[in-house]
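First comes the structure, then the notes that go with it.
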Amino acid sequence: MDFLVERPPKEVLNSAGVYLWRRGFGMPPGGHTDTSMLFTRRQKTQREGHLKTMLNALVTTTPISVQKVRLVASEVGEGRTRLTVVGSR
């Protein structure tokens, strides 16, 4: 998904990064450069207690679903920035 924004690339990435962070995404170590950012979030299945979650992890072999979002910003000219959002699960 592409967006055309009339702001500098760094400002666009910072604003989008704050938006994702507030929605529960985190940035892995080394997940950013000057023009891109990678965010990840573990999919929550249901609310359980900490002990029950640990016990279920030992018993079941169900893979944990991880959602990834990559933001890529590039200058288009005339003070405009193209923000590309790539998401995957």
Is the shortest heavy-atom distance from the side chain of M37 to the side chain of F39 under 4.5 Å? yes
Say whether M1 and F25 are linked into one hydrophobic cluster, either directly or through other cluster members, by side-chain heavy-atom distances under 4.5 angstrom. yes
Could you tell me whether D34 atom CG has more than 12 heavy atoms of other residues or ligands within 6.0 Å of it? no
Once rounded to the nearest 0.5 Å, what's the spacing between atom CZ of R70 and atom CG of L38? 4.5 Å
I'd like to check T35 versus P9 (side-chain heavy atoms, cut-off strictly below 4.5 Å). Are they in contact? no
L71 and G17: which non-hydrogen atoms are nearest, and at how many Å? CD1-N, 4.1 Å
Write down the atom of S36, the atom of L13, and the distance for their closest heavy-atom approach. N-CD1, 3.9 Å
From D2 CG over to L4 CG, what is the distance, rounded to the nearest 0.5 angstrom? 9.0 Å
R23 NZ/CZ over Y19 ring centroid, <6.0 Å and within 45° of normal: yes
I want to check something: taking the side chain as every heavy atom from C-beta on, are T81 and K10 in contact at a cut-off of under 4.5 Å? no
So do the side chains of M27 and W21 get within less than 4.5 Å of each other, counting heavy atoms only? no
Using a 4.5 Å cut-off on heavy atoms from C-beta on, say whether the side chain of V85 contacts that of L83. yes
